[in-house]
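Okay, structure first, notes after.
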Number of protein chains: 4
Amino acid sequence: MSDDASPSRAADRTQAILRTTVELAQEVGYAKLSIEGVAARTGVGKHTIYRRWPSKGALFLDAVLTPSEPGLDYPDTGDIVADLRRQICAAVDLLGRPPLGPLYRALVGEAQHNPAVAAALNERFIRPQADKTVARLRRAQQQGQLSADLDLDVAMDILSGPLYFRFLITQEPLSHEYVERVLDALLAGMRPTP
Amino acid sequence: MSDDASPSRAADRTQAILRTTVELAQEVGYAKLSIEGVAARTGVGKHTIYRRWPSKGALFLDAVLTPSEPGLDYPDTGDIVADLRRQICAAVDLLGRPPLGPLYRALVGEAQHNPAVAAALNERFIRPQADKTVARLRRAQQQGQLSADLDLDVAMDILSGPLYFRFLITQEPLSHEYVERVLDALLAGMRPTP
Amino acid sequence: MSDDASPSRAADRTQAILRTTVELAQEVGYAKLSIEGVAARTGVGKHTIYRRWPSKGALFLDAVLTPSEPGLDYPDTGDIVADLRRQICAAVDLLGRPPLGPLYRALVGEAQHNPAVAAALNERFIRPQADKTVARLRRAQQQGQLSADLDLDVAMDILSGPLYFRFLITQEPLSHEYVERVLDALLAGMRPTP
Amino acid sequence: MSDDASPSRAADRTQAILRTTVELAQEVGYAKLSIEGVAARTGVGKHTIYRRWPSKGALFLDAVLTPSEPGLDYPDTGDIVADLRRQICAAVDLLGRPPLGPLYRALVGEAQHNPAVAAALNERFIRPQADKTVARLRRAQQQGQLSADLDLDVAMDILSGPLYFRFLITQEPLSHEYVERVLDALLAGMRPTP
DNA sequence: ATGTAAGCGAGACGGTACGTCGTGTCTTAGA
DNA sequence: TCTAAGACACGACGTACCGTCTCGCTTACAT
C-alpha cells in the first residue's frame with residue numbers, strides 16, 4: 001500500500017534526525033550539541049537515536065558526512081597541475097568554510113577523542129579521497145607530468161597536510177591564493193635550482 | 001615561615017594539580033577526564049582549580065604544555081637538511097608517540113571545539129616553534145642552501161602539515177623513515193627533473 | 001480445528017501468561033515485575049497481554065487470584081468455634097505464608113494505589129468470602145452459639161481485621177497460636193467478667 | 001551571623017521538599033508522584049532529594065509522617081471505654097479521611113512492596129502508638145475496667161485491625177458510628193451471655 | 001601578638017545531560 | 001484474523017559533572 005515515494009518510516013526518521021543534528025550543531029556548536037536536544041527538536045524519542053548510533057560522535061559523523069559523501073569527484077583534464085588546483089580548491093571551498101567548515105573541524109576534533117569516529121572518518125571519507133588522488137597522480141606520473149622519483153603516498157600527505165595544518169592548528173582562513181602558494185612550493189621543491 | 005625550598009604553597013598546588021591532570025588523562029583519556037576527578041585525586045577543593053583555570057580545556061592545555069615547553073630548541077649545524085631532519089624527528093619522538101602523543105592529540109582535538117584553547121595552543125607552542133623554524137630557514141636560504149624562490153611561511157606549513165595530517169587524520173604511526181620520505185619529496189619537488 | 005483436548009489457543013496463552021506472571025513476581029518481586037518482562041519470558045507479544053488486561057495490576061490480580069479462587073470453602077461441623085478456627089487457619093496458611101503470601105501482600109498493596117484492583121479484589125475474593133462467613137455466623141447465632149446481640153457485619157471485620165493488621169502493618173508472622181489468641185479474646189470480650 | 005529564626009539552609013530545603021511531596025501526591029496520587037516532579041516543583045536539583053532519601057517510598061514516608069508524628073496522644077480520663085472511643089475516633093478522623101487519608105493509604109500500600117518503608121512505618125508510627133495503647137490498656141486492666149484474662153498485645157490488634165481492614169480492604173468509609181459498633185462487639189465478646 | 005583577610009578542603013546546590021527502562025500505541029510480516 | 005516482534009514517543013529513572021555557593025579551618029600579613 002506504500003509506494004516508492006514514501007520508502008520507509010525508518011529512513012524518514014533517520015534523515016530527519018541527521019538534518020536536525022546539522023542544524024543544531026550549526027546553531028550551538030558541537031560542544032553544546034546533545035542527543036537530548038536533537039531528540040527534542042526532531043520530535044523523536046531518545047531511544048530512536050540510540051537505536052541507530054552509539055554515541056554523539058557517531059551521529060555527528062553521519063550527519064556531517066552523509067550529505068557530502070558523493071561530493072568531491074576528481075577531474076582529469078590531462079593537466080595535473082590544473083586538476084590538483086581545481087580539486088583542492090573545491091575541497092577547501094566545501095570543507096574549509098561555513099557552513100560545513102566548522103562542522104568538519106568539530107568532526108576532526110571529535111576523532112581525536114573517539115577512535116571509532118577516527119576510524120569511520122578515515123574509511124568513509126579520507127581513504128576514498130586519498131585513493132582517487134593517488135590514482136590521478138599515478139596517471140600523471142606515467143605521463144611524465146610528475147617526477148618519476150615522487151613517492152605517491154607521501155605526495156598525498158604533502159598535498160593535504162599543509163591545508164589541514166592551517167585549518168586545524170593555526171586556524172587561519174584558507175584562500176585559493178594560499179592553495180596556489182602551497183602548490184608552487186611543492187612543485188618546485190625546496191632545494192635551490194642549479 | 002616559607003624558605004627557598006618551599007617557594008609558595010600556591011605554586012605547589014598548581015604543580016600538583018597539573019601532575020594529576022596528566023596522570024588521570026593518561027589513565028582514562030581526555031574525554032573522561034573531569035575537574036571533579038582531578039580535584040578529588042589531588043586532594044584539593046574544586047574551587048582551587050576553578051580559581052586557576054576557566055575550563056577543563058585550559059587546565060589540560062597547561063598540563064600538557066608546561067612540561068614540554070622548553071623542549072624543542074632548534075639546532076644550527078650549518079646543514080639545513082640535517083638540522084630539519086633532527087628537529088622534526090625530535091618533535092615526532094616527543095609529541096607523536098606515548099606518553100605525550102595521546103595527550104597532544106587530545107589537546108589538538110579540544111582546540112577544535114574551544115577557540116580559547118586553539119588560541120593558547122598557537123601562541124604558547126605553535127607560533128614560537130614556527131618562528132624559530134622560519135628564522136632557521138631564512139638563514140639557510142641566505143646561505144643558498146634553499147631555493148631563493150621558496151615561500152618561507154608556506155615552507156613551515158609544508159614541513160609540519162604532512163606529519164600533522166598523518167598524526168590527526170589517518171592516525172598512522174610516525175616513523176623516522178616517514179620523516180625522511182617527506183623531506184625527500186619536499187626538497188626535490190613534484191615536478192619532473194629536466 | 002480445535003477439539004476438546006486443546007480448548008482454545010487463546011485460553012492456552014492466557015494461562016501461560018498468568019503462570020509466567022506468578023513465576024516472575026516470585027523471582028523479582030511485584031515492584032520489579034513488568035509487562036515487558038512477562039511478554040518476553042512467555043514468548044508472547046506485548047499486545048497479546050494488553051489485549052487481555054489493561055494494566056500490570058489487573059494482570060497480577062488475575063495471576064494471584066485465579067489459582068486460589070476455588071480455595072477456601074467454609075466448613076460447617078456444627079461447632080462454630082471449631083469451624084472458625086479451621087477456616088481462619090486455612091486462610092492464614094494459604095495467603096499468609098510463601099509461596100502465595102508475598103504475592104497476596106503485593107496485591108493488597110497494589111489495591112491501595114489502583115482503585116480498579118481494589119474493586120476487583122473485593123468483588124472476586126473478599127466479598128464472596130465475607131458472605132460465606134456471615135452466613136455461617138448467622139446459622140451459629142440462630143443456634144445460640146453466638147451472642148444474640150452480635151453485629152454480624154462487624155463480626156466479619158473483627159475476625160479478619162487483626163490478621164490483616166498483623167500481615168500488612170506489623171508484618172509479623174501469622175501462627176496458628178496467634179489465631180487462637182485472637183479467637184479467645186474475641187469470644188470472651190474485653191469487659192471484666194462479673 | 002545566623003540566628004535562631006533561620007536555622008539552616010539544609011533544613012529549609014528538606015521542609016520545602018516534604019511540603020511539595022504532600023502537595024503533589026494529593027494532586028496526582030502516589031502512583032504518578034515522581035522524584036523528578038517533586039524536584040521541579042520545589043525548584044531543587046534531583047540530587048538534593050536523592051541525598052536525603054534513597055527512594056520515592058522513603059521520601060513519601062517522611063512527607064506523610066513528619067507532620068502527623070506528634071499527633072495522637074493518648075488521653076486518660078479514668079474511663080477506658082471513653083478514652084478508647086476518643087482515641088480511635090481521633091485516629092480515624094486524621095488518617096481515615098482526606099486530606100491525609102489517601103496519603104496514608106498509599107503509604108501502607110507502598111509498605112507492601114518496600115520492606116524499608118514497612119520497617120520505618122512500624123518503628124516511627126505504628127509501634128509507638130501501639131506501646132501507648134498497651135500501656136493505657138494495662139492501667140485499665142489493673143483498675144479492673146478490663147477482663148483480667150485479656151491478652152493485651154492481641155487487644156491492640158483487635159482494636160486496630162477491623163478499622164484497617166475496612167480502610168485497606170473493603171475501602172468503605174470509616175464513621176464514628178462504625179467505631180462504636182466495633183467497640184461494642186469487642187467489649188461484649190462473641191459468646192452468648194449466660 | 002593578634003586580628004584580619006585570603007586561601008583552602010569539603011561538599012551542598014540548581015542545572016543539564018547522560019544512557020537505560022518501561023509504558024501503552026502502532027506497524028509489519030508471517031501463520 | 002490473530003500473532004510475535006519490535007519500533008516508536010514519552011516520561012522517569014538514578015548517576016555524573018558542571019560551575020557557583022557556602023561553610024569552617026588554617027595560614028600568613030599587617031597592624
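In what follows, chains are A, B, ... by sequence order, proteins preceding strands, each numbered from 1.
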* Quick one: which of E:dT25, E:dC13, F:dT15 gets closest to the side chain of D:Y50? ->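 Given the options E:dT25, E:dC13, F:dT15, the side chain of D:Y50 is closest to F:dT15.
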* Residues within residues 107-119 of chain A bordering DNA chain F, heavy-atom distance below 4.0 Å -> none
* If every non-hydrogen atom of B:N114 is compared with every non-hydrogen atom of B:S55, which pair is closest and at what distance? -> ND2-OG, 4.0 Å
* **Minimum heavy-atom distance between C:L61 and C:A120, given as atom pair plus value** =>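 What the structure gives for the nearest pair is CD2-CB, 3.7 Å.
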What is the distance, to the nearest angstrom, from the [atom1] atom on [X] to the [atom2] atom on [N]?
| X | N | atom1 | atom2 | value |
| --- | --- | --- | --- | --- |
| C:L24 | E:dG22 | CG | P | 10 Å |
| B:F60 | F:dC18 | CZ | C1' | 19 Å |
| C:D12 | F:dC2 | CG | C1' | 14 Å |
| D:L59 | F:dG14 | CG | P | 11 Å |
| D:R52 | F:dG14 | CZ | P | 17 Å |
| C:R51 | E:dC26 | CZ | C1' | 12 Å |
| D:K56 | F:dC13 | NZ | C1' | 11 Å |
| C:W53 | E:dG24 | CH2 | P | 14 Å |

* To do: Tell me whether the OP1 or OP2 atom of F:dA4 has a side-chain N or O from C:R13 closer than 4.0 Å.
  => yes
* N/O (side chain, C:T48) to phosphate O (OP1/OP2, F:dC2) under 4.0 Å ->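 For C:T48, the contact criterion (side-chain N or O under 4.0 Å from OP1 or OP2 of F:dC2) is not met.
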* To do: Given side chain to side chain contact (heavy atoms under 4.5 Å, CB included), test B:F60 with B:V117 step by step and report yes or no.
  => CA-CA 9 Å; B:F60 186 64; B:V117 169; over 6 Å; no
* Close side-chain approach of D:L65 to D:L121, heavy-atom, < 4.5 Å ->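 Touching, per the 4.5 Å side-chain cut-off.
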* Contact check, side chains of C:V38 and C:V44, non-hydrogen atoms, under 4.5 Å ->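 No, too far: nothing below the 4.5 Å cut-off.
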Look up atom [atom1] in [X] and atom [atom2] in [Y], then write down how far apart they are to the nearest 0.5 Å.
| X | Y | atom1 | atom2 | result |
| --- | --- | --- | --- | --- |
| A:Q171 | B:N122 | CD | CG | 7.0 Å |
| D:I49 | D:I17 | CD1 | CD1 | 5.0 Å |
| D:I35 | D:W53 | CD1 | CH2 | 9.5 Å |

Pairs under 3.5 Å (N/O, protein and nucleotides 10-12 of chain F):
none

* Structure fact -> Across all chains, not counting sequence neighbours, the salt bridge (Lys or Arg N to Asp or Glu O under 4.0 Å) partners of A:R19 are none
* To do: Sequence neighbours left out, what pairs pass side-chain hydrogen bond (donor to acceptor under 3.5 Å, both in side chains) with at least one residue falling in residues 33-46 of chain A?
  => A:T20-A:T42, A:E23-A:R41, A:E27-A:R41, A:E36-A:K46
* A:D62 side chain vs A:L18 backbone, donor-acceptor pair below 3.5 Å ->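 The answer is no, because no donor-acceptor pair under 3.5 Å joins these two groups.
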Return a table of donor-acceptor pairs under 3.5 angstrom between the side chains of residues 104-111 of chain C and protein atoms on other chains or two or more places apart.
| unit_1 | atom_1 | unit_2 | atom_2 | d |
| --- | --- | --- | --- | --- |
| C:Y104 | OH | C:Y164 | OH | 2.7 |
| C:R105 | NH1 | C:F167 | O | 2.5 |
| C:E110 | OE1 | C:Y30 | OH | 2.9 |

* Structure fact -> Stems in DNA chain F, runs of 3 or more consecutive Watson-Crick or G-U wobble pairs with both distances under 3.5 Å, sorted by first number, are E:4-31 with F:1-28
* On DNA chain E, check which nucleotide each of C:S55 and D:A10 is closest to and give me the residue with the more 5' one. =>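 Upstream on the strand: D:A10.
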